[in-house]
Asks: 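Sharing a structure, written as structure tokens. Questions coming.
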Amino acid sequence: MKSQDLQKQIFELPPHYDWKEVEERICAVWEKTGYFNPDNLPERHQKPFSIIMPPPNVTGVLHIGHSLMLTIEDILIRFERMRGKKTLWLPGTDHAAIATQSKVESIIYKEEGKTRYDYGREEFLKKVEAYAKDSHDTIVSQIRKMGSSCDWSREAYTLDEMRSRAVGEAFKRMYDGGIISRGKRIVNWDPKLQTTVSDDEIEWKEEKIPFYYVRYGPFTIATARPETKFGDKYVVMHPDDERYSKYTHGQKLDVEWINGVIAATVIKDPAVDMSFGTGVMTITPWHDAADFDIAKRHGLDFEQIIDFDGKLLPVAGEFAGAHIKKARPLIVEKLKSKGLIEKIDGEYIHRIAANSRGGGIIEPQIKEQWFVNVNAKFSAGSGSASGRKKQNSKLHSTKDGEETTVKEIMKSVVESGEIKIIPEHFEKIYYHWIDNLRDWCISRQIWYGHRIPVWYHEPKCVPKPRREDDCGRCKEVVVSAEKPVCNFCDGEYVQDSDTLDTWFSSGLWTFSTLGWPAFADTAMAGKPGRENDLANYHPTDVMETGYDILFFWIARMILMTTYFLGEVPFHTVYLHGIVRDAERQKMSKSKGNVIAPLAMSEKYGTDALRIALVFATAAGNDISLQEDRIRGMKHFSNKLWNIARFVLARIGDAEIAADTANPPPAITGADRDILKKMKETISEVNSSLEDFSLHRAAQAIYDFTWHEFADTYVEESKKQLDDEAVQQNTKRLLLHVLANTLKLLHPFMPFITEEIWSKMPIRDKKMLMIEQWPR
RNA sequence: GGGCGUUUAGCUCAGUGGUAGAGCGACUCUUUGACGUAGAGUAGGCCGGGGGUUCAAUCCCCUCAACGCCCACCA
């Protein structure tokens, strides 16, 4: 570049920073260079560094939590890219089965008064897909606007072809390995959405409701839910309870109950809390998980009382067909009239379970469902067996071939430090969750999602064998992505109508996005291209997400990855807090307190929004964001812009090299001071970023820029620029300090720094995003 | 019932074993000089209470309180 051209450019830096124009232009330039794709990075970028983006749901628009996630991850990626790593940040979106389906259901209900059943499965799914596509496009364009330097050529969707293949393969391997099985167990049933949900998706709400003390033969039992009690024929007490020592286990008694005499059986079980209520209870094994366990222990009968719509079954006699909500007061009336109610406690606090995904009140039901058995034993590494490799565990904490369970592995990889969780105290919370972990119900009765790859022989068994000796050889259940054909009879295979919990496919995310299972055996480390991603970028370096999905997602990824790859999915988990408003309320649409990130970035610039998000937040702490704060950071953009204008207007024909490793000599005291402070700042920013203390890094560079560079050195330089002895050196020093400031700030404020950089007289200049990080 | 977090300026939050920090707000000053789309400056704090360790505690330990979160099969 000729120096005359440089001069010309210098004067092009306008008096005000027009972020709208700059952001759009810079964004296009970045994407055109292709450097977001690690395969296109220059030679010096060798060592891989990878982050897989937590995929936003395709249920709407980007919210402030997404912006925080994108900002943090982009900072880490840009920092490592400038440090010379071969950085992959892989983006994607999540089909969010239940959330997306209910969103569309509510839209068609509002607009057309129709339900999904009016459309039928196929037509309804078309509607959902159209909605998802639309939402996806909006979200992707918004992710781009945040300045996210992710590789769109590798974009993934949890429900696309590659990911579907991964899900099918995963299901089959777990099924073959005995980790997944079908069972009739008690599950959380949502009568409103007509599906099961997992334990983690349940939200508990407290409610003050009457607590009834009811006569049950010689006993008094207490219940909050008399409407479930029709079939109660077991009366349970603690074996050590002396009040009831005259009753023996298995003893039969006739008791007068809601709809007449019932033959009751006494059961002694230590699960009963002697100090609660009367110490005696009747059980409803079909509709209560604790009762279910007791019944199983003693081999008792199970009887369904409530149907899947929440209505009472014929066992309820005269109340049959009534909805439980309406039936309760009527049943209480009847109990009263029969003189069975002894007293009513009006102060009882009851916890009710609701489906947190916009569903209804959970009614436990017994249903045949698919489960991931967290306590099933298997040999470590067997899940990754494929091709020639029989066993393949690379974990330090669990040896290849060692007998273990998913639960044990999930815990040990964190205990051993193979996965580090930041902030650390979440490790305890994680362990605690694992200790309480029960089998994971993965089948859902909704339509949008991965269809369970299981086929059942219809008609059941083998009615018309082609040859006599083949009779009975038909497989009743086949696990396969494709529809199987029966070789032995005319029977057909029909696919399971259920879909998989969305977290099942999310759990595979860190490796399904990198080419598993297609390239699991052929990927070669060090070779470019997507077919080698698994070898190059797995395990990933950092998983960054909100602490609220530690269990839903982080835990499931650890489960899946350790099983299928015999590796950890990531080395570090960085958990950020929840963004709250000035009243410390969680932002939500229903509360109307949402700070829309896009509106903020239009008002103050994306850079201001980004640095405001990280500036005052520590990992794991909730963030209270006010618009004032973003505005304050706009002032900082303004400051930086004007420093640059000053420097560029004063440096004449001076220029420096792009590699800022060697500063110009320090002649004056001010020179020495600024270089010393700069060195300190570089080292502070480095160590803070390495520790994931992004806010400390941001503060260090903010302070340096404003108070050391602008307030101090720029002021001093005005005198030095009039002094012929140091004039020329001062110019180069101003350029040098500005160059390093831009580099340090680039991960936080990529647009304005790239723009200023492009106007600077620098030899061998590249895009700032791939320049050498200050040393 | 367990577990965890928070408590610092008027507000929202950083932070450190040794003179307490930012943004916003308040007040004062400053417009041909990089920055009025603002800048410079000032005021404002027994760092939740009590106890302990230490030469020294806002920071480490104990305890209490308030607020918040997570987990849990008291029917």
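Below, chains carry the letters A, B, ... as their sequence lines are ordered, and counting in each starts from 1.
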Asks: What residue pairs, at least two apart or across chains, pass salt bridge (Lys or Arg N to Asp or Glu O under 4.0 Å) with a residue in residues 215-239 of chain A?
Replies: A/Arg215-A/Glu342, A/Arg225-A/Glu227, A/Arg225-A/Glu363, A/Glu227-A/Arg328, A/Lys229-A/Asp232, A/Lys233-A/Asp301
Asks: Using atom types as modelled and distance alone, determine if a side-chain donor or acceptor of A/Glu23 lies under 3.5 Å from a backbone N or O of A/Thr606.
Replies: yes
Asks: Given B/rG15, is OP1 or OP2 found less than 4.0 Å from the side-chain N or O atoms of A/His695?
Replies: yes
Asks: For atom C1', what is the distance between B/rU16 and B/rA26, given to the nearest Å?
Replies: 28 Å
Asks: A quick test of your reading: do over 12 heavy atoms of other residues, nucleotides or ligands sit less than 6.0 Å from CD of A/Glu24?
Replies: no
Asks: What residues, two or more places apart in sequence or in another chain, satisfy salt bridge (charged side-chain N to carboxylate O under 4.0 Å, His left out) together with A/Asp711?
Replies: none
Asks: Scan A/Lys229 against the nucleic acid and name what it touches under 4.0 Å (heavy atoms): base, sugar-phosphate only, or nothing.
Replies: sugar-phosphate
Asks: Run the side-chain contact (heavy atoms from CB on, under 4.5 Å) test against A/Gln369 and tell me which residues pass, sequence neighbours left out.
Replies: A/Val187, A/Thr196, A/Lys367, A/Phe371, A/Cys441, A/Ser443, A/Gln445, A/Asp498
Asks: Stepwise, does the side-chain hydrogen bond (donor to acceptor under 3.5 Å, both in side chains) test hold for A/Gln720 with A/Thr668?
Replies: CA-CA 9 Å; A/Gln720 294 188 188; A/Thr668 65; 2.7 Å; yes
Asks: Going by atom types only, do A/Asp622 and A/Tyr547 share a side-chain donor-acceptor pair under 3.5 Å?
Replies: yes
Asks: In terms of ring plane angle, is the pair A/Tyr702 and A/Phe636 parallel, tilted or perpendicular, where the classes change at 30° and 60°?
Replies: tilted
Asks: Detail all sub-3.5 Å separations between protein N/O atoms and N/O atoms belonging to nucleotides 16-18 of chain B.
Replies:
residue	atom	partner	partner atom	Å
B/rU16	OP1	A/Arg696	NH1	3.2

Asks: Rounded to the nearest Å, what distance is computed from the NE2 atom of residue A/His16 to the P atom of nucleotide B/rC35?
Replies: 9 Å
Asks: B/rA75 C1' sits how many Å from A/Tyr348 OH, rounded?
Replies: 7 Å
Asks: Considering only the P atoms, how many Å lie between B/rG17 and B/rC61, rounded to the nearest integer?
Replies: 13 Å
Asks: Hey, what do you get for CD (A/Glu755) to NZ (A/Lys759), rounding to the nearest 0.5 Å?
Replies: 5.0 Å
Asks: Check whether any side-chain nitrogen or oxygen of A/Asn621 sits under 4.0 Å from OP1 or OP2 of B/rA14, and answer yes or no.
Replies: yes
Asks: Assign A/Phe551 to base, sugar-phosphate, or nothing according to its heavy-atom contacts below 4.0 angstrom with the strands shown.
Replies: sugar-phosphate
Asks: Heavy atoms under 4.0 Å is the rule here; annotate nucleotides 27-34 of chain B 5' to 3' with B where the base is hit, S where only the sugar-phosphate is, and - elsewhere.
Replies: -------B
Asks: Under 3.5 Å, is there a donor on one side chain and an acceptor on the other for A/Ser198 and A/Glu201?
Replies: yes
Asks: Enter the distance from A/Phe692:CZ to A/Leu76:CG here, rounded to the nearest 0.5 Å.
Replies: 6.0 Å
Asks: Write down the distance between CG (A/Asp435) and P (B/rC70), rounded to a whole number of angstrom.
Replies: 19 Å
Asks: With A/Lys718, which residues qualify under salt bridge (charged side-chain N to carboxylate O under 4.0 Å, His left out), at least two apart?
Replies: A/Glu715
Asks: Roughly how many Å is it from CD1 in A/Ile349 to P in B/rA75, rounded to a whole number?
Replies: 12 Å
Asks: So what is the 5' to 3' dot-bracket string for RNA chain B, if pairs are Watson-Crick or G-U wobble with both distances under 3.5 Å, crossing pairs use [ ] and | means the partner sits on another strand?
Replies: (((((((..((((....[..)))).(((((.......))))).....(((((..]....))))))))))))....
Asks: Within less than 4.0 Å of OP1 or OP2 of B/rC35, is there a side-chain N or O belonging to A/Tyr17?
Replies: no
Asks: Quick one: does A/Thr712's side chain get under 4.5 Å of A/Asp673's, heavy atoms only?
Replies: no
Asks: Taking the six-membered ring for Trp, are the ring centroids of A/Phe302 and A/Trp286 within less than 6.0 Å of each other?
Replies: no
Asks: Specify whether A/Tyr348 and A/Phe211 have parallel, tilted or perpendicular ring planes, treating 30° as the upper limit for parallel and 60° as the lower limit for perpendicular.
Replies: parallel
Asks: Between B/rU7 and B/rA75, how far is it from one C1' atom to the other, in whole Å?
Replies: 39 Å
Asks: Taking CG from A/Asp622 and C1' from B/rU12, how many angstroms apart are they, rounded to a whole number?
Replies: 13 Å
Asks: Got a sec, which residues hit salt bridge (charged side-chain N to carboxylate O under 4.0 Å, His left out) with A/Glu203, two or more places apart in sequence or on another chain?
Replies: none
Asks: I'd like the P distance from B/rA65 over to B/rA72, given in whole Å.
Replies: 26 Å
Asks: Nearest whole Å is fine: how far is B/rA75 C1' from A/Ile209 CD1?
Replies: 11 Å
Asks: Using whole Å, what does the distance between atom C1' of nucleotide B/rA75 and atom NE2 of A/His238 come to?
Replies: 14 Å
Asks: Please confirm whether A/Lys343 makes a cation-pi placement over A/Tyr213, using NZ or CZ under 6.0 Å from the six-membered ring centre and within 45° of the ring normal.
Replies: yes
Asks: Counting only heavy atoms and a strict 4.0 angstrom limit, can you tell me which residues of residues 420-428 of chain A come near RNA chain B?
Replies: A/His425, A/Lys428
Asks: Check every strand shown and say whether A/Tyr431 touches a base, only sugar-phosphate, or nothing at a heavy-atom separation below 4.0 Å.
Replies: nothing
Asks: If you measure from the P atom in B/rA9 to the same atom in B/rC4, how many Å do you get, rounded?
Replies: 27 Å
Asks: Roughly how many Å is it from CG in A/Leu694 to P in B/rC13, rounded to a whole number?
Replies: 19 Å
Asks: Are any side-chain N or O atoms of A/Trp706 and backbone N or O atoms of A/Leu640, one a donor and one an acceptor, separated by less than 3.5 Å?
Replies: no
Asks: Kindly state which residues belonging to residues 268-298 of chain A come within less than 4.0 angstrom of RNA chain B, counting heavy atoms of the residue only, listed by number.
Replies: A/Val272, A/Asp273, A/Phe276, A/Gly279, A/Met281, A/Ala290
Asks: Using the test side-chain hydrogen bond (donor to acceptor under 3.5 Å, both in side chains), find all partners of A/His298 that sit at least two apart in sequence or belong to another chain.
Replies: A/Asp269
Asks: Taking the same atom, C1', in B/rG45 and in B/rU12, what whole-Å distance lies between them?
Replies: 16 Å
Asks: Would A/Tyr247 and A/Phe219 count as a close aromatic pair, with their ring centres under 6.0 Å?
Replies: yes
Asks: Return the 5'-most residue of the pair A/Pro15, A/Phe636 with respect to RNA chain B, ranking by each residue's nearest nucleotide.
Replies: A/Pro15
Asks: Using the P atoms only, state how far B/rU63 lies from B/rG39, rounded to an integer number of Å.
Replies: 48 Å
Asks: How does protein contact run along nucleotides 20-26 of chain B, one letter per nucleotide 5' to 3', with B for base contact, S for sugar-phosphate only, - for none, heavy atoms under 4.0 Å?
Replies: --BSSS-
Asks: Using atom types as modelled and distance alone, determine if a side-chain donor or acceptor of A/Asp190 lies under 3.5 Å from a backbone N or O of A/Ile362.
Replies: no
Asks: Quantified in whole Å, what is the C1' atom distance between nucleotide B/rC24 and nucleotide B/rG48?
Replies: 24 Å
